[in-house]
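One structure is given below, encoded as structure tokens.
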Protein chains: 2
Amino acid sequence: MVRNTKEEAELTRRHILDAARRVFLECGVARTTLERVAAAAGVTRGAVYWHFKNKTDLFFAMREQATLPFVDRVVFDEVEGDPLQGIERALGEVIHILSDEPETRETIEILSYKCEYVEEFSGLRQRTAGQLEFLASLAAAYRRAAAKGVLRAGFDPAVVAQDTFLFLSGLIKHWLSSEPGECFRADALDLIRSHVALRRA
Amino acid sequence: MVRNTKEEAELTRRHILDAARRVFLECGVARTTLERVAAAAGVTRGAVYWHFKNKTDLFFAMREQATLPFVDRVVFDEVEGDPLQGIERALGEVIHILSDEPETRETIEILSYKCEYVEEFSGLRQRTAGQLEFLASLAAAYRRAAAKGVLRAGFDPAVVAQDTFLFLSGLIKHWLSSEPGECFRADALDLIRSHVALRRA
DNA sequence: GTTTATACAATCACGGATGTATGTAAATGA
DNA sequence: TCATTTACATACATCCGTGATTGTATAAAC
């Protein structure tokens with residue numbers, strides 16, 4: 001029964017968040033018990049209830065951490081003055097984030113496959129502000145491409161952006177379901193390249 | 001305490017399956033209690049346990065019903081000798097199934113948003129035989145399109161098929177999240193049209 | 001016309017998870 | 001230095017869902 005300092009307390013809070021992510025991923029959110037989270041974090045439920053109100057609170061706290069990499073890594077800057085290449089790079093960056101940021105990857109997997117969107121989680125279904133912003137940036141990039149004449153003629157940039165957005169949704173979903181060594185993962189970047197190439201004039 | 005005939009028993013079995021779908025959709029699979037399913041079906045848990053081993057068994061029984069419409073409604077027959085129009089029609093048919101077969105729609109929504117893929121449900125994550133067959137048919141149709149010279153040159157039919165498959169995944173997912181009156185639903189067929197048009201030579 | 005199996009309803013025993021209340025030792029602040 | 005708050009651990013009460021058991025009236029089989 002040693003009382004921890006503030007810094008140590010912040011550490012256990014992070015340990016609990018990490019443990020929650022692992023247990024959520026293994027057991028699913030609904031079946032996850034705070035007892036297991038506590039055990040995985042090397043503490044008791046007392047500590048969990050000290051830092052978080054309940055499982056829902058813990059879940060949303062864990063979720064917050066995951067969106068961060070996207071906002072500063074996924075940008076639509078043009079590459080060599082070509083908006084389409086900028087889009088290709090941004091899409092590829094999303095996949096790279098899934099590859100080399102395991103915490104983000106796990107959290108998104110939890111949100112995709114280990115969580116039921118009912119009651120207090122219903123709100124998560126609607127497109128997040130981040131997603132809407134991504135879609136808007138995508139449409140803007142396609143408009144720039146159209147203005148430069150590199151977008152295939154006769155296609156509405158907004159519609160093409162939607163198509164790309166849905167493609168990316170599906171890509172992420174299936175990428176998360178593929179095994180680390182599976183060919184689908186290696187092919188993902190090829191799929192992105194083809195996807196963008198289809199839109200080029 | 002009246003004993004039902006075989007036909008009546010089969011009816012209550014269907015009532016239980018219908019009730020399960022409704023309750024799964026409302027509460028999510030994990031939070032659904034067999035007590036609520038029984039109540040929604042107008043029976044007691046005794047009846048549920050008589051017809052089904054447990055909640056998992058009930059879930060898989062409900063799932064079986066949903067895949068049926070796809071196999072006989074979604075076909076890739078060419079329209080006016082044009083494989084690409086056949087693809088467009090097939091994709092549109094998927095959306096139409098979601099519109100006018102509410103039971104199928106609800107089941108897919110449960111599988112997409114109201115179910116955690118852990119333990120006994122893990123297996124559902126991998127692409128089903130039906131999905132693989134769909135993907136194969138799609139690739140075959142694109143190959144026919146390439147052979148006829150209507151597919152845009154320089155693109156691998158298999159890769160294009162994957163792209164379409166992922167697009168459709170995302171489309172279904174977001175269609176399910178949209179409200180009945182929302183514009184996204186009306187736009188879905190336009191998105192499909194554009195998607196296919198992008199692949200045309 | 002019995003007998004038997006069926007199609008449930010009602011009851012029970014049990015574990016397991018939650019939230020809260022309480023305990024406690026040490027860090028922190030005055 | 002001493003009171004107070006902090007950061008947990010421990011203990012407790014409660015409820016809820018499950019699976020199994022038992023009860024039972026009646027179809028169905030012979």
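In what follows, chains carry the letters A, B, and so on, assigned in the order in which the sequence lines appear, proteins first and then strands, with residues in each chain numbered from 1.
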For T44(B), answer base if it contacts any base atom (sugar-phosphate contacts may also be present), sugar-phosphate if it contacts only those atoms, and nothing otherwise; contact means non-hydrogen atoms under 4.0 Å.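 The residue T44(B) makes base contact.
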
Report the C-alpha distance between F59(B) and L111(B) in whole Å, list the side-chain angles of each, state the deciding distance to 0.1 Å, and finish with yes or no for side-chain contact (heavy atoms from CB on, under 4.5 Å). CA-CA 10 Å; F59(B) 174 85; L111(B) 288 167; 3.6 Å; yes

Check the distance between [N]'s [atom2] and [X]'s [atom1] and give it to me in whole angstrom.
X: K53(B); N: dG19(D); atom1: NZ; atom2: C1'; value: 11 Å
X: D57(A); N: dT18(C); atom1: CG; atom2: C1'; value: 15 Å
X: R36(A); N: dA17(C); atom1: CZ; atom2: C1'; value: 14 Å
X: R31(A); N: dT18(C); atom1: CZ; atom2: C1'; value: 18 Å
X: W50(B); N: dT6(C); atom1: CH2; atom2: P; value: 6 Å
X: E35(A); N: dT18(C); atom1: CD; atom2: C1'; value: 11 Å
X: N4(A); N: dT28(C); atom1: CG; atom2: C1'; value: 14 Å
X: K6(A); N: dA26(C); atom1: NZ; atom2: P; value: 19 Å

Selected nucleotide, minimal atom distance to [X] side chain, candidates [options]:
X: N54(A); options: dA7(C), dT18(D), dG19(C); value: dG19(C)
X: Y49(A); options: dT20(C), dA29(D), dT11(C); value: dT20(C)
X: T33(B); options: dT18(D), dA9(D), dT18(C); value: dT18(D)
X: L34(A); options: dT18(D), dC8(D), dT18(C); value: dT18(C)
X: R45(B); options: dG29(C), dG19(D), dT20(C); value: dG19(D)
X: T5(B); options: dA27(C), dC8(D), dA28(D); value: dA28(D)

Any cation-pi pair here, R31(B) with F121(A), using under 6.0 Å and within 45°?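 Output no; distance or angle outside limits.
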
Does E101(B) pair with R105(B) as a salt bridge, N-O distance under 4.0 Å? no

Can you find a donor-acceptor N/O pair under 3.5 angstrom joining the side chain of R3(A) to the base of dA27(C)?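 By the distance-only test, yes, there is a pair.
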
Classify the angle between the aromatic ring planes of F134(A) and F165(A) as parallel (below 30°), tilted (30 to 60°) or perpendicular (above 60°).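 F134(A) vs F165(A) ring planes: tilted.
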
Check step by step if side-chain contact (heavy atoms from CB on, under 4.5 Å) holds for L191(A) and F184(A). CA-CA 9 Å; L191(A) 286 171; F184(A) 184 81; 4.1 Å; yes

N/O (side chain, H51(B)) to phosphate O (OP1/OP2, dA7(C)) under 4.0 Å: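 Checking H51(B) against dA7(C): no side-chain N or O falls below 4.0 Å of OP1 or OP2.
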
What residues from residues 7-27 of chain B pass a heavy-atom cutoff of under 4.0 Å to DNA chain C? A9(B), T12(B)

Tell me, with the steps shown, if L124(A) and F60(A) meet side-chain contact (heavy atoms from CB on, under 4.5 Å). CA-CA 10 Å; L124(A) 296 174; F60(A) 279 94; 3.8 Å; yes

Only one of M62(B), E109(B), R63(B), Q65(B) forms a side chain to side chain contact (heavy atoms under 4.5 Å, CB included) with R21(B), so which one is it?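 The option that passes is M62(B).
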
